[in-house]
Asker: 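Shown below is the structure under consideration.
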Number of protein chains: 2
Amino acid sequence: MRRVGSGAAGAPAPLDLEGLHVEVALRLASLDQRYTANRRAILEAIAHAGRPVTIPEILERAGGVPQSSAYRNISVLCEARVARRVAGADDHGRFELAEDLSGHHHHHLVCWSCGRVTDIAAFPRLEQALAEAARLAASETGYEVDDHRIDLGGRCPACLGAC
Amino acid sequence: MRRVGSGAAGAPAPLDLEGLHVEVALRLASLDQRYTANRRAILEAIAHAGRPVTIPEILERAGGVPQSSAYRNISVLCEARVARRVAGADDHGRFELAEDLSGHHHHHLVCWSCGRVTDIAAFPRLEQALAEAARLAASETGYEVDDHRIDLGGRCPACLGAC
DNA sequence: CTCAGTGCAAAGGATTTGCATGCCG
DNA sequence: CGGCATGCAAATCCTTTGCACTGAG
């Protein structure tokens, strides 16, 4: 589990767990939701992964949380804008910490062979061009554009090796 | 490589169905696959949609094709690089014609409220910045990057109205 | 005490697969 | 002919839900 693009090994973005929990509790509270042990476990599993994780991965990392609770709580965390659902190569749910909590805007590098997803840092130039494109697209289509996703696709080193 | 159609910017390029079928047959043949009636029906359904469609939508448009055949054939068409799977707001499969067949590189505008996906034209500046980002990401991660996807997210006019 | 959260099990949907048959090459 | 493609049905897999129970406020 490594992050690409920011910080030293192990502790990339200054993830202040304590502050994180406080903020999460706050956001949950605003929806009249509690910050329970299960939710903490799931939140930490996601926060520590450093890349989008699937439900099975969350279950492994959050040990002891039943599947149904994981699904239910992930859903709550997403509603509270604490987590975010992202799509990988396959059509199975992957989740990551909300960007305003993880502290760094990033995009994804997806291996279309094994489905692995790696975070990559955002590029200012890219963001700028994208913002412009979003404005134009919004005015052309009438959509209210408030988010974007950039995924690069390819094959990861492991899959390249297994060629 | 061939390009089908000659459309001006904005309007969907008029699809040359005949040439399209020839090219598709060719790509299938290279995988020792036949271009059967079902596959034609599915291909045309996708080609005419002008935006990523779900399996149910394909079934409607391709009338008479059984679900299992649709799934199996979509899979084959994707392997043959004739179709492409794209992810929408939910985690259900959406498919579109390969870009080198539809003739215009584009991105997607996804409504996270109703799941609708609208094609939007690509922006040169964005593509350029993206290419640069891809190069850098590849060298940092060891991935072989050969594809990208940009999705803008927001709410479509209909959903904005239903607010 | 009350209500949100929990956990189990069963339900639901989408997607995949086994198998006998049909059709193209 | 031989093998790929087909259709149907059954199997799988991921995800959601119903319901009774537990725990925090």
Side-chain angles (χ1 to χ4, degrees), chain A residues 21 24-46 52-80 82-95 112 114-115 117, chain B residues 21-22 24-46 52-60 62-80 82-95 115 117:
Chain A
H21 283 314
V24 170
L26 215 55
R27 296 192 189 186
L28 284 171
S30 77
L31 294 178
D32 289 307
Q33 301 278 351
R34 299 173 194 157
Y35 195 23
T36 64
N38 275 347
R39 292 176 183 175
R40 265 171 211 271
I42 292 171
L43 194 280
E44 292 197 2
I46 295 177
V53 287
T54 61
I55 291 285
E57 286 171 329
I58 291 175
L59 292 179
E60 270 176 37
R61 292 157 180 271
V65 178
Q67 216 181 32
S68 66
S69 293
Y71 277 107
R72 244 185 305 231
N73 285 323
I74 271 287
S75 167
V76 170
L77 292 174
C78 287
E79 275 170 37
V82 156
R84 186 162 90 124
R85 164 177 240 143
V86 305
D90 44 32
D91 275 330
H92 299 153
R94 281 176 182 271
F95 302 86
W112 48 253
C114 69
V117 180
Chain B
H21 282 314
V22 171
V24 170
L26 215 56
R27 296 193 189 185
L28 285 171
S30 78
L31 293 178
D32 289 307
Q33 301 278 353
R34 299 172 193 158
Y35 195 25
T36 64
N38 273 348
R39 292 176 183 176
R40 266 170 211 272
I42 293 171
L43 193 281
E44 293 197 3
I46 295 177
V53 287
T54 62
I55 291 284
E57 285 172 329
I58 291 174
L59 292 178
E60 270 177 36
V65 178
Q67 216 180 33
S68 67
S69 293
Y71 277 107
R72 242 184 308 229
N73 286 323
I74 271 288
S75 167
V76 170
L77 292 175
C78 286
E79 275 170 35
V82 156
R84 187 162 90 125
R85 162 178 240 142
V86 306
D90 44 32
D91 274 331
H92 297 154
R94 283 175 181 271
F95 302 86
V117 179

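From a predicted model like this one, the values you see are computed outputs, not experimental measurements. Throughout, a chain's letter reflects where its sequence line sits, starting with A, and its residues are numbered from 1.
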Asker: Mapping Pro56(A) and Arg72(A) onto DNA chain D by nearest heavy atom, which one lands closer to the 5' end?
Answerer: Pro56(A)
Asker: Is there a side-chain contact between Tyr35(B) and Leu43(B), using heavy atoms and a 4.5 Å cut-off?
Answerer: yes
Asker: Which of these passes side chain to side chain contact (heavy atoms under 4.5 Å, CB included) with Pro56(B): Val53(B), Thr54(B), Ile58(B)?
Answerer: Thr54(B)
Asker: What's Arg39(B) touching, base or sugar-phosphate or nothing? Going by heavy atoms closer than 4.0 Å.
Answerer: sugar-phosphate
Asker: To the nearest angstrom, how far is Gln67(A) atom CD from dT6(C) atom P?
Answerer: 15 Å
Asker: Using only side-chain N and O atoms of Tyr71(A), determine if any of them is under 4.0 Å from OP1 or OP2 of dT16(D).
Answerer: no
Asker: Choosing from dG7(C), dA4(C), dT15(D), which nucleotide comes nearest the side chain of Gln33(A)?
Answerer: dA4(C)
Asker: Please state how far atom CG in Leu59(B) lies from atom P in dA14(C), giving the value in whole angstrom units.
Answerer: 11 Å
Asker: Report the residue (Asp32(A) or Ile55(B)) whose heavy-atom-nearest nucleotide on DNA chain C is the more 5′ of the two.
Answerer: Asp32(A)
Asker: If you only use heavy atoms from C-beta on, which nucleotide in dG5(C), dT15(C), dC19(C) is closest to the side chain of Arg34(A)?
Answerer: dG5(C)
Asker: Report yes if at least one side-chain N or O of Thr36(B) is closer than 4.0 Å to OP1 or OP2 of dA5(D); otherwise report no.
Answerer: no
Asker: Rounded to the nearest Å, what distance is computed from the CG atom of residue Leu28(A) to the C1' atom of nucleotide dC3(C)?
Answerer: 17 Å
Asker: Output the rounded distance in Å from OH (Tyr35(B)) to C1' (dG25(C)).
Answerer: 18 Å
Asker: Rounded to whole Å, please give me the gap between CG in Asn38(A) and C1' in dG7(C).
Answerer: 9 Å
Asker: Looking only at the side chain of Pro66(B) (C-beta and beyond, no hydrogens), which of the listed nucleotides dC8(C), dG7(D), dC14(D) gets closest?
Answerer: dG7(D)
Asker: Between P on dC8(D) and CG on Asn73(B), what's the gap in Å once rounded to a whole number?
Answerer: 14 Å
Asker: Let me know the distance between CZ of Arg85(A) and P of dT16(D), rounded to the nearest Å.
Answerer: 6 Å
Asker: Does the Arg39(A) side chain pair with the main chain of Arg34(A), one donor and one acceptor, at a distance under 3.5 Å?
Answerer: yes
Asker: Is any side-chain heavy atom of Ile74(A) closer than 4.5 Å to one of Ile46(A)?
Answerer: yes
Asker: Nearest of dA5(D), dA9(D), dT15(D) to any side-chain atom of Ser68(B)?
Answerer: dA9(D)
Asker: dT15(D) P sits how many Å from Ile74(A) CD1, rounded?
Answerer: 11 Å
Asker: Could you tell me if the side chain of Glu44(B) sits less than 4.5 Å from the side chain of His21(B), heavy atoms only?
Answerer: yes
